[in-house]
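First comes the structure, then the notes that go with it.
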Amino acid sequence: MTEVRTRFAPSPTGFMHLGGVRTALYNYLFAKKMGGKFILRIEDTDQERYVEGATDVIYDTLKGCGMNWDEGPDVGGDWGPYVQSERKNLYMPYAKQLVEKGAAYYCFCTECELKERRAQAEARGEVFKYDKKCLGLSKEEVQAKLDAGLPYVIRLNCPTEGESSYDDVVFGHISFPNSDLDDMVLMKADGMPTYNFANVIDDHLMGITHVMRGMEYLSSTPKYNLLYNAFGWEIPQYIHLTTVMRDATHKLSKRDGDAYYSDFIGKGYLKEALINYLALVGWNPGTDQEFFTMDELIDAFDIHRLNNSPGIFDVNKLDWMNSQYIQKLDPDKYLAMATPWFEKVLAGKNIDYRRLAQLMQSRTDIFSRIPEKIAFLAQMPDYDTAIFFNKKQKSDVDVAREVLPKLLPVLEGIQDWTEANIHDTVMAQIPAWGKKNGAVLWPMRIAISGQESTPGGAFEIAYLLGKDETIRRIRASMEKLG
RNA sequence: GGCCCCGUGGUCAAGCGGCCUAAGACACCGCCCUUUCACGGCGGUAACCCGGGUUCGAGUCCCGGCGGGGUCACCA
């Protein structure tokens with residue numbers, strides 16, 4: 001059995017779309033699972049779209065996620081170069097070979113003419129298909145035009161009758177009427193190959209055995225097969241992947257800021273969580289396991305369990321999964337990762353980040369939501385005294401008016417402001433006041449946080465705030481209550 | 001519009017003719033834990049797009065409808 005070789009062939013746009021990351025992932029997983037090779041090829045034939053540093057985005061994303069390629073632009077390999085623009089002189093001979101075989105032909109119709117004919121067809125309510133006008137040119141006519149230096153393209157000569165079919169690993173048997181096939185351009189007038197053509201040549205030359213790509217190529221695959229057949233090359237296994245959707249009718253899009261890998265990393269998602277979640281949109285292991293390391297994914301991956309219906313990217317579930325990953329983080333690692341987010345609102349304040357981190361770790365789903373949760377530590381929010389009311393804790397505004405003044409001297413009396421001391425000192429007083437714990441602690445926490453819910457209870461918050469600030473806030477709240 | 005693909009709860013999904021009065025997970029709701037929230041534990045609501053077939057038997061196979069997506073470039 002020959003070695004499995006898969007490839008990920010992105011064009012460098014400067015961004016990595018999540019759908020692309022998933023395509024790369026599946027290609028990687030399958031290659032590794034089969035003990036084969038994962039190849040990275042940069043498809044940059046469109047010079048107009050060139051973006052500075054765009055290939056680095058691809059490299060960094062893949063490497064960051066642990067998808068290391070066996071062959072590619074930077075690591076080399078036996079079938080290079082792996083950047084399409086560096087292979088541009090390689091395609092024309094193949095196109096000419098096809099012309100000689102009668103599988104392709106020169107076409108001298110200008111873009112302008114075609115546009116016109118397309119418009120006419122549209123006006124008649126028809127689907128425009130190249131009419132093979134130039135196929136009728138005699139060898140001499142073609143040569144004459146060539147000699148005259150007329151610009152030309154080379155088109156694939158598609159059959160017009162019968163049907164083409166192939167078997168896709170995820171979609172099964174697919175067939176198309178040949179009458180729908182358009183004679184696609186192989187070589188452009190500028191001498192560059194079209195994406196479709198270069199793709200087939202490169203895949204073959206690089207020995208790709210399994211082509212895994214988005215399902216938007218489902219309907220152009222018959223034409224790819226025509227090329228393989230014309231050359232007498234072996235057709236690879238096709239594995240078309242469904243689209244990752246934002247909702248039932250929309251793809252993940254740039255516009256909504258929910259399409260790029262970098263968007264998510266910037267928002268504070270862990271790449272491990274993102275990869276783990278992405279792997280599960282469109283594929284499942286057939287077991288109830290849903291947490292996977294990259295190695296576990298490789299082990300569990302099976303192309304036959306790829307789904308054939310599009311999946312919606314559920315940010316909700318991603319958030320949950322991310323929070324699970326965060327909880328499992330080593331506390332020191334969490335502290336290190338959370339600190340920049342703490343700094344956003346607490347810079348300059350004297351706060352025990354280590355303790356804050358302990359309190360926040362189980363309350364963090366994505367890092368970017370940390371600031372809003374701890375902003376009250378930096379500045380006392382303006383709050384509605386109605387929140388002193390809590391039925392279960394037997395607290396209300398009146399209870400707060402009664403309890404806060406008692407609490408103040410007790411707090412002021414604490415010399416060593418440790419969490420344990422605050423806890424023990426206050427708890428020791430409560431029985432004497434004839435109150436339930438909640439009736440004291442609820443007002444206390446509200447008084448110093450101004451929020452109904454906080455990360456941590458009254459003692460933790462008081463400790464974090466420090467003695468002076470705690471006292472100051474208790475006083476301010478007493479004043480507010482009148 | 002032609003052609004192609006898809007159609008199980010709000011979402012991801014298991015299911016490959018009888019084990020389905022249909023798993024599991026997220027979300028949601030309730031209870032427990034608890035000085036709030038979160039975490040954790042327990043429980044609950046909720047689905048086979050519709051209509052015809054085939055079959056002793058259909059979520060599972062076939063056809064049609066409907067719905068959604070994709071594709072129809074000298075873009076990739």
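Note that the structure is predicted; figures quoted are calculated from it, not measured. Proteins come first, then strands; the chains are lettered A, B, ... in the order of their sequence lines, and each starts at number 1.
A donor N or O paired with an acceptor N or O is found under 3.5 Å between the base of U34(B) and the side-chain atoms of K392(A). For R445(A) against U36(B), a side-chain N or O and a base N or O form a donor-acceptor pair under 3.5 Å.
Residue Q324(A) is classed as a sugar-phosphate contact, given heavy-atom separations below 4.0 Å to backbone atoms only. Among the protein residues, Q361(A) comes within range of no part of the nucleic acid, since none of its heavy atoms lies under 4.0 Å from any strand. Using a 4.0 Å heavy-atom criterion, one finds that C112(A) contacts no nucleic acid atom at all.
For G15(B), one of the phosphate oxygens OP1 or OP2 lies less than 4.0 angstrom from a side-chain nitrogen or oxygen of R305(A). Of the side-chain N and O atoms in K188(A), one or more sit less than 4.0 angstrom from OP1 or OP2 of C75(B). In this model, the phosphate group of C39(B) is not approached by any side-chain N or O of R363(A) to a distance below 4.0 Å at OP1 or OP2.
Rounded to an integer number of Å, the gap from I461(A) CD1 to A38(B) C1' is 12 Å. Between the CG atom of L241(A) and the P atom of C5(B) there is a distance of 17 Å, rounded to whole Å.
Note that K267(A) lies outside the cation-pi zone of Y269(A), set by a 6.0 Å cut-off to the ring centre and a 45° limit from the axis. For the pair R213(A) and Y224(A), the distance from NZ or CZ to the six-membered ring centre is under 6.0 Å and the angle to the ring normal is within 45 degrees.
For F313(A) and F264(A), the ring centers sit closer than 6.0 Å to each other. Checked against a 6.0 Å centroid threshold, the rings of F367(A) and Y334(A) count as neighbours.
Both I174(A) and L441(A) lie near RNA chain B, and the one whose nearest nucleotide falls closer to the 5' end is I174(A).
Ranking C74(B), G69(B), U36(B) by closeness to the M245(A) side chain, first place goes to G69(B).
In this entry A25(B) has U11(B) as its Watson-Crick or G-U wobble partner, both defining distances falling under 3.5 Å. With both pairing distances under 3.5 Å, C19(B) is matched to nothing as a Watson-Crick or G-U wobble pair.
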